[in-house]
Amino acid sequence: MSRPKHLRKISNPPGYKGFNPIGVSNDHLPLVLNLEEYEAIRLSDFDLNGQVEAAEIMGISRPTFARIYESARRKVAQAFVEARPLVFEGGKVYFDSDWYICNNCGCRFDHPDKEIQVSVCALCGSTDIKQLKGDEK
Amino acid sequence: MKIAITSTGNTPDAQLDNRFGRCEYFAFYDTKDHSIKYLPNPHKNDVKSAGEESIKLIASKGVQKVLSGEFGVKVKNQADKYRIQLIMLEDTTKTIAELIQMLDH
């Protein structure tokens, strides 16, 4: 039996299901891009992280990240060249977001949508908030 | 935006329920028309996975924020998947009306 895979952390999943090519008949088989591959492309080419940082964010080793990223690029290229739809699906993943604490009302809250910067407390609207790290949950 | 609050009763004077999955009632507050709807929690007496079932129910109502005393370990994962924000408040003596006032800030 092969060694079980480490779970990859997805901090910002896509809000839609995939892509369709324009101007071709729709009978091509779709290519499945795993969520971890989507996240690898997002971290490397959109957020412009280095592989070491990106691997750390996803909670995996750098060589593993490189393999996922490689496979993601190949799938995207194949979909472009063969005019096949791309669907985002599956993968060995878990979803995670960071916790924040508000010093005004004492509540703790998380933030699933990382694109938007957290600046105010979700409950009382105070700006006196702090991000919790590691085991402080 | 719709916000779910775990409640011990179905009136605005009811207090925040400390538990998420097995709370008595969910209060759904709509920030657009300031309406509150109460729903008895169907998973109140579930033996297992009450939190996961509850978050599914809440997601189906189009809720974007959940306010409760505590969340179980399985809930966070699911909530991130549905892009629902979790808010934990240790002070459970606050009433639903007071919390809504805070949310309106």
Side-chain angles (χ1 to χ4, degrees), chain A residues 6-17 34-36 38-39 42 57-59 88-132 134-137, chain B residues 1-7 15-20 27-31 34 36 51-52 55-56 58-59 62-105:
Chain A
H6 271 287
L7 286 177
R8 293 92 162 90
K9 175 172 158 182
I10 307 291
S11 41
N12 213 337
Y16 56 99
K17 285 178 180 152
N34 291 334
L35 284 176
E36 66 222 40
Y38 166 88
E39 181 78 353
R42 190 186 71 81
I57 293 170
M58 284 177 76
F88 303 142
E89 218 173 70
K92 202 77 176 132
V93 298
Y94 73 102
F95 301 94
D96 205 2
S97 56
D98 298 324
W99 287 101
Y100 297 84
I101 189 160
C102 171
N103 293 326
N104 182 31
C105 63
C107 75
R108 285 169 290 169
F109 58 97
D110 72 346
H111 199 75
D113 212 341
K114 284 230 174 130
E115 297 286 274
I116 308 157
Q117 196 68 35
V118 187
S119 54
V120 295
C121 168
L123 181 59
C124 64
S126 156
T127 50
D128 189 10
I129 57 167
K130 196 184 102 188
Q131 185 173 351
L132 295 178
D135 298 330
E136 281 186 279
K137 283 163 195 172
Chain B
M1 179 169 56
K2 274 191 175 177
I3 302 166
I5 307 171
T6 58
S7 161
Q15 291 182 345
L16 180 75
D17 200 316
N18 193 24
R19 301 154 304 170
F20 169 68
F28 294 102
Y29 174 61
D30 199 323
T31 49
H34 301 280
I36 316 171
E52 285 170 298
I55 202 94
K56 252 183 231 166
I58 281 173
V63 168
Q64 282 167 291
K65 272 187 198 179
V66 187
L67 197 60
S68 183
E70 285 273 345
F71 295 96
V73 281
K74 293 179 191 168
V75 174
K76 176 88 192 306
N77 210 326
Q78 294 287 320
D80 281 342
K81 197 171 123 192
Y82 293 118
R83 294 189 163 215
I84 296 173
Q85 185 173 37
L86 306 178
I87 308 171
M88 288 192 283
L89 198 63
E90 275 162 22
D91 180 15
T92 53
T93 55
K94 283 209 160 51
T95 64
I96 303 301
E98 282 173 339
L99 290 170
I100 284 171
Q101 221 169 25
M102 286 172 84
L103 284 167
D104 278 338
H105 52 261

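Every chain is numbered from 1 and lettered A, B, ... according to where its sequence line falls, protein lines coming before strand lines.
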Inset, instruction - Sort C105(A) into side chain, backbone, both or neither according to what part of it lies under 4.5 angstrom from a heavy atom of chain B. - result: both
Legend entry - E98(B), CD: over 12 other non-hydrogen atoms inside 6.0 angstrom: yes
Inset, instruction - Report the distance from atom NZ of K81(B) to atom CD1 of I10(A), rounding to the nearest 0.5 Å. - result: 12.5 Å
Legend entry - Minimum side-chain heavy-atom gap I87(B)-R108(A) below 4.5 Å: no
Inset, instruction - Could you tell me which of L89(B), L103(B), L86(B) has the largest number of non-hydrogen atom pairs under 4.5 Å with chain A? - result: L86(B)
Legend entry - Heavy-atom check, side chain of D80(B) versus side chain of D110(A), under 4.5 Å: yes
Legend entry - Atom group of Q64(B) that falls short of 4.5 Å from chain A, counting heavy atoms: neither
Inset, instruction - Measure distances from K65(B) to the heavy atoms of chain A and classify the residue's part below 4.5 Å as side chain, backbone, both or neither. - result: side chain
Inset, instruction - Counting only heavy atoms closer than 4.5 Å, note whether L67(B) contacts chain A via side chain, backbone, both or neither. - result: side chain
